[in-house]
Amino acid sequence: MQVYGLNIELKNIPSLDKGYIPMAAFCRAFEKSAANGKDIVIAVERSRGCISRRCCKIHGTPEMAQADKVYVERMVKMLLWAYGGFKIYVCGDDDMGKYIAETYCLGGARDFDADFMANVYERPFEVVSLPLAEAPAEKSGAQAVGNHWEGCRIGFDAGGSDRKVSAVVDGESIYSEEVVWFPKTTEDPDYHFQGILDAMKTAASKMPRVDAIGVSSAGIYVDNRAMVASLFLKVPKDQFDKKVKDIYIRAAKEIGDVPLQVANDGDVTALAGAMSLNSNEILGIAMGTSEAVGYVDPDGNITGWLNELAFAPVDLQDDAMVDEWSGDKGCGVKYFSQDSVIKLAPRAGIELDEKLSPAEKLKVVQAAMNDGSEAAREIYRSIGTYLGHALAYYNMYYSIKHVLLLGRVMSGEGGDLVIEEARRVLADEYPDIKGIELNLPDEKFRRVGQSAAAASLPQIG
């Protein structure tokens, strides 16, 4: 197919989405075409001066200007949502720098992204253009977070419907409990604080002392502070700023002056996967209400990256489904969540009652799958095709040995079909990518547990 003047050859297209243009295939075709073009560097800066960057080439010619813009703009989008950042550097091409600045600003096409990142990092969002020679150097900032077991530790996991806590002594969980709570529907932040504190006090009472506290919680956390978190969805903005941003820091201080580490629950899931698989370089993807992602790097560390790939691009087709929150199209949430199943069901001939909730619509498709429906199987095969292409794209930004796949979309035979098709597409379309293993959670993973894994987050001393 011809896309922005590039010839993209695809062997594998989702049967229920014939217009799909995978980012990995587009990038490969672009980079081959621009191999003798103009050098540029794109970088993003996040907290503590950490820099993630990519060196690449663009055509730099009038006839390929649109392809260049699409390639760089989508790269910026991926860098922001994979790694996070409040400042974009475009180095080596002032015209491209101007285009990105006009796109990623309030009132621009990507004003959602600019505003979101400004709020996360509490810094004005900006785009700067620099000469190539002045491109900033990479600075990872990765810390040895996770897999620390010495001492007496509290591990807390804040879920949307229940909260879990573990007391862990020298790597052994000696106590754990699970309590039902209702954080997403409660406006009073004192309710959340008291629930967190009660759990921590219970775990502390089971040990002779507390040496460290680790927390797994949905949302985006910077320096242990809650910047964006669905758990506190109903808390008014003024109360969020006053009582929620530092909620885990305040609760931990009630227990004692000990090391605290708060991490996104997706990262802690990936960490638990690393423990169960006894390996690193793990990308965890949970396909449920959204696409939740976590990552453990080659050194076994949680990186501090955002890993919010629900907002990252995977599809370039013009009529790709639009994400209602960000206003952008072709983003992961519409391909690796229950939204994808709901999107594909009518194309497969499965009609869904619009009065049903998204979760109920997913159950209809799962029931059809259990009844042996070939139409339902085709939905999961199409998602598997999406995933095979997307993993090739994610592999450009993450070093991946294992992909741990979770969430209600991956349950049952449908999940097996997704994995089978993704493996086939990776092998057939991207034979140069070797060694990525796709895994479902096993019994060892379930034994590790989210709260126990969270306990291992802080380093003592």
Side-chain angles (χ1 to χ4, degrees), residues 1-10 21-46 49-105 108-111 113-114 117 125-140 312-318 328-331 389-390 392-399 430 432-433:
M1 65 176 75
Q2 286 290 316
V3 180
Y4 299 111
L6 301 169
N7 182 38
I8 300 178
E9 297 181 2
L10 283 177
I21 305 172
M23 284 300 306
F26 169 77
C27 288
R28 289 187 171 213
F30 180 94
E31 289 163 9
K32 181 179 179 181
S33 175
N36 296 317
K38 183 178 185 180
D39 289 309
I40 65 168
V41 170
I42 308 297
V44 293
E45 180 179 349
R46 57 188 183 276
C50 295
I51 302 281
S52 296
R53 67 176 223 163
R54 287 183 67 83
C55 303
C56 56
K57 292 179 183 288
I58 58 174
H59 298 86
T61 60
E63 60 271 18
M64 295 301 289
Q66 186 60 27
D68 287 350
K69 287 179 178 179
V70 170
Y71 175 77
V72 173
E73 189 276 319
R74 294 287 83 180
M75 179 188 297
V76 168
K77 179 94 173 180
M78 182 66 187
L79 286 168
L80 284 175
W81 292 105
Y83 307 139
F86 58 84
K87 190 172 186 178
I88 302 169
Y89 298 88
V90 181
C91 310
D93 192 294
D94 287 339
D95 289 339
M96 187 63 72
K98 181 180 179 182
Y99 169 71
I100 295 299
E102 291 171 346
T103 303
Y104 286 84
C105 68
R110 301 288 165 258
D111 57 353
D113 306 69
M117 295 296 166
F125 189 87
E126 59 180 322
V127 179
V128 298
S129 185
L130 295 175
L132 189 63
E134 296 179 19
E138 183 97 11
K139 182 183 176 183
S140 74
V314 295
D315 181 10
L316 267 184
Q317 65 176 309
D318 287 336
D328 201 358
K329 60 187 177 183
C331 298
H389 286 293
Y393 184 56
Y394 294 164
N395 192 60
M396 297 169 63
Y397 294 84
Y398 295 85
S399 177
Y430 309 98
D432 56 303
I433 298 178

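Atom CZ of R110 is separated from atom CD of E102 by 14.0 Å, given to the nearest 0.5 angstrom. Taking NZ from K32 and SG from C27, the interatomic distance works out to 15.0 Å, rounded to the nearest 0.5 Å. We find the SG-NZ distance between C331 and K77 to be 4.5 Å, quoted to the nearest 0.5 Å. Between M75 atom CE and I100 atom CD1 the span is 9.5 Å, to the nearest 0.5 Å. In this structure, the separation between CG on D113 and OG1 on T103 is 10.5 Å, given to the nearest 0.5 Å. Put simply, SG on C56 and CE on M396 are 9.5 Å apart, with the number rounded to the nearest 0.5 Å.
Between K69 and D95 there is no salt bridge, since no side-chain nitrogen of the basic residue lies less than 4.0 Å from a carboxylate oxygen of the acidic one.
Proximity of V314 to Y394: side-chain heavy atoms (C-beta onward) are separated by under 4.5 Å at one or more points. The shortest distance between side-chain heavy atoms of Y83 and M78 does not fall below 4.5 Å. Taking 4.5 Å as the limit, some side-chain heavy atom of V72 sits within range of a side-chain heavy atom of I40. Here the side chains of P22 and D315 are not in contact, with every heavy-atom distance at 4.5 Å or above. Between V127 and V90 there is a side-chain heavy-atom pair separated by less than 4.5 Å. Within the 4.5 Å cutoff, the side chain of I42 has heavy atoms near those of the V76 side chain. Under the 4.5 Å side-chain criterion, counting only non-hydrogen atoms from C-beta, C50 is not in contact with E45.
With ring centers used as reference points, F86 lies 6.0 Å or more from F125.
Looking only at distances, no side-chain donor or acceptor of D111 sits under 3.5 Å from a matching main-chain atom of C105. Using modelled atom types, no side-chain atom of K87 and backbone atom of R46 make a donor-acceptor pair closer than 3.5 Å. Side-chain N or O atoms of S33 include none that pairs as donor or acceptor with a backbone N or O of A29 at under 3.5 Å. The backbone N or O of P136 lies less than 3.5 Å from a partner atom in the side chain of R53, making a donor-acceptor pair. Counting only distance, with no hydrogens or angles, the side chain of N7 and the backbone of Q2 share no donor-acceptor pair below 3.5 Å.
Checking Y104 against E73 by side-chain atom types alone, a donor-acceptor pair falls below 3.5 Å. For the residue pair E31 and Y71, a side-chain donor N or O sits within less than 3.5 Å of a side-chain acceptor on the partner.
Both tests do not hold together for R28 against Y393: distance to the six-membered ring centre under 6.0 Å, angle to the ring axis within 45°.
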Evaluate L316 against R74 for side-chain contact (heavy atoms from CB on, under 4.5 Å), listing each step before the verdict.
CA-CA 9 Å; L316 267 184; R74 294 287 83 180; 4.2 Å; yes

Between V44 and I51, does the side-chain contact (heavy atoms from CB on, under 4.5 Å) criterion hold? Intermediate values first, please.
CA-CA 6 Å; V44 293; I51 302 281; over 6 Å; no

Salt bridge (charged side-chain N to carboxylate O under 4.0 Å, His left out) for K38 and D68? Distances and angles first, verdict last.
CA-CA 10 Å; K38 183 178 185 180; D68 287 350; over 6 Å; no

side-chain contact (heavy atoms from CB on, under 4.5 Å) assessment of V128 paired with I88
CA-CA 6 Å; V128 298; I88 302 169; over 6 Å; no

For side-chain contact (heavy atoms from CB on, under 4.5 Å), just list the numbers for V70 and F26, CA-CA rounded to whole Å, side-chain angles, deciding distance to a tenth of an Å, and then say yes or no.
CA-CA 10 Å; V70 170; F26 169 77; 4.0 Å; yes

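The side-chain contact (heavy atoms from CB on, under 4.5 Å) with C55 is formed by just one residue from the set L132, D39, V41; it is V41.
Annotation: E63, atom CD; neighbour count of heavy atoms from other residues, nucleotides and ligands within 6.0 Å is above 12.
Nearest heavy atoms, K329 versus D318: NZ-O, 2.7 Å. A pairwise comparison of heavy atoms in A24 and Y430 identifies CB-OH, 3.5 Å as the closest pair.
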